[in-house]
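Report on one structure; see the data block that follows.
Not measured: the values here are computed from a predicted model. All chains are named by letter (A, B, ...) in the order of the sequence lines, taking the proteins before the strands, and each is independently numbered beginning at 1.
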There are 2 protein chains.
Amino acid sequence: MPHCHSIRQTLRRHGFRVTPQRMLILEALRSAGRHMTAEEIYAAVRAYAPAVDLSTVYRTLRLLARLGLLDRHVLGEGRIVYEWRDQPGHAHFFCRSCREVLHLEADLLGDIARELQARSGLAIEQLTLMLVGLCPRCRASVEGKKDPPASQAAAR
Amino acid sequence: MPHCHSIRQTLRRHGFRVTPQRMLILEALRSAGRHMTAEEIYAAVRAYAPAVDLSTVYRTLRLLARLGLLDRHVLGEGRIVYEWRDQPGHAHFFCRSCREVLHLEADLLGDIARELQARSGLAIEQLTLMLVGLCPRCRASVEGKKDPPASQAAAR
DNA sequence: GTTCATGCAAACACTTTGCACTCCG
DNA sequence: CGGAGTGCAAAGTGTTTGCATGAAC
């Protein structure tokens with residue numbers, strides 16, 4: 001666990017305790033290397049420590065997010081996910097067909113933030129670009145069929 | 001009600017019925033001219049028709065969003081709001097201090113979508129730019145104080 | 001030893017669903 | 001009239017909270 005020490009420091013510096021639960025949750029996210037829902041994190045942690053409670057996961061995620069040790073994102077359909085804070089800025093793409101979530105390297109995000117900040121006088125601390133549509137695969141599979149934009153079948 | 005006729009047409013065209021509930025919900029959003037949560041829409045509609053049920057509001061919002069008659073957005077903290085589809089594209093800014101939501105005119109959104117679409121091969125249908133930070137007013141009010149990035153008090 | 005954090009269970013907010021009746025077309 | 005749409009009640013999700021026990025420092 002490389003960042004282990006600095007994490008302990010961050011917790012202690014703000015007057016919080018270093019508990020196995022907190023370290024486990026961080027480690028689960030770090031080693032997964034992808035975003036996870038609270039439920040997924042709960043499952044991952046319980047593989048190591050079956051006694052950990054879901055409420056502890058929620059409490060811990062909120063704390064760690066506010067300490068800046070991990071990021072919280074709201075995806076396409078309102079699903080909330082967390083991820084280890086490493087990539088500086090990237091966008092999430094939600095495919096409405098296969099329900100897959102893709103990460104997009106978006107060098108644009110920094111530019112967008114700067115641009116908006118200059119224009120508006122806002123202090124932008126977090127920027128999330130959320131996209132919904134069809135991934136290349138699903139796009140190809142519906143190609144050819146005239147897709148009815150919102151047929152009765154599709155709308156329910 | 002100006003758009004009234006084309007709305008009826010859109011519903012009929014897809015085989016859905018025109019009901020007072022559906023028209024009331026659309027009208028509530030149109031006349032409000034701002035985004036509203038399901039609960040807010042429910043309250044607004046009940047002012048005119050007290051018998052309308054909350055489940056009908058949810059069912060109708062989902063239907064109308066899929067027909068493209070209104071937009072569904074996920075805001076800063078995961079709150080879901082709906083709004084009358086008029087502005088082509090704009091971003092939401094959530095101030096973490098006063099919890100206000102500001103609309104930003106973002107001419108950039110179109111450009112961003114085109115850029116990403118070209119690079120990635122994705123079919124981008126919906127693009128939401130979600131910002132969190134401090135609005136100019138709150139920014140000014142915390143100026144001077146060295147704000148502790150995540151003090152114990154702030155973190156719980 | 002204090003105090004903070006956890007596990008447990010219960011409450012909570014928001015959204016969806018099953019069903020009989022209603023009313024649009 | 002037939003079936004889509006509604007109101008009602010109930011269940012489902014995902015998340016938060018109160019409290020006594022247990023762990024971190």
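At least one side-chain heavy atom of A:His73 sits less than 4.5 Å from a side-chain heavy atom of A:Glu83. Within the 4.5 Å cutoff, side-chain heavy atoms of B:Glu39 are placed close to those of B:Leu54. Side-chain contact between B:Leu29 and B:Met36 is present, with heavy atoms from C-beta onward closer than 4.5 Å.
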* Could you run down nucleotides 19-25 of chain D 5' to 3' and tag each one B, S or - for protein heavy-atom contact under 4.0 Å? -> ----BBS
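One finds the OG1 atom of A:Thr56 at 7.0 Å from the CD1 atom of A:Ile25 (value rounded to the nearest 0.5 Å).
Remark: the backbone N or O of B:Leu63 is not paired with any side-chain donor or acceptor of B:Arg59 at under 3.5 angstrom.
Rounded to 10°, the helix from C:dG1-D:dC25 to C:dG25-D:dC1 has 40° between the axis fitted to its first five pairs and the one fitted to its last five.
Partners of A:Ile80 by side chain to side chain contact (heavy atoms under 4.5 Å, CB included), not counting sequence neighbours, listed by chain and number: A:Arg72, A:Val74, A:Tyr82. Scanning for side chain to side chain contact (heavy atoms under 4.5 Å, CB included) contacts around B:Ala43 gives an empty result, with sequence neighbours left out.
The list of side chain to side chain donor-acceptor pair (under 3.5 Å) pairs with a residue in residues 41-54 of chain A, not counting sequence neighbours, reads A:Tyr42-A:Arg46, A:Asp53-A:Ser55.
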* Does the side chain to side chain contact (heavy atoms under 4.5 Å, CB included) test come out yes or no for A:Arg17 and A:Leu11, once each step is laid out? -> CA-CA 6 Å; A:Arg17 293 183 180 170; A:Leu11 281 168; over 6 Å; no
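In the region residues 39-55 of chain B, proximity to DNA chain D at under 4.0 angstrom, judged on heavy atoms, holds for B:Ala51, B:Val52, B:Asp53, B:Ser55.
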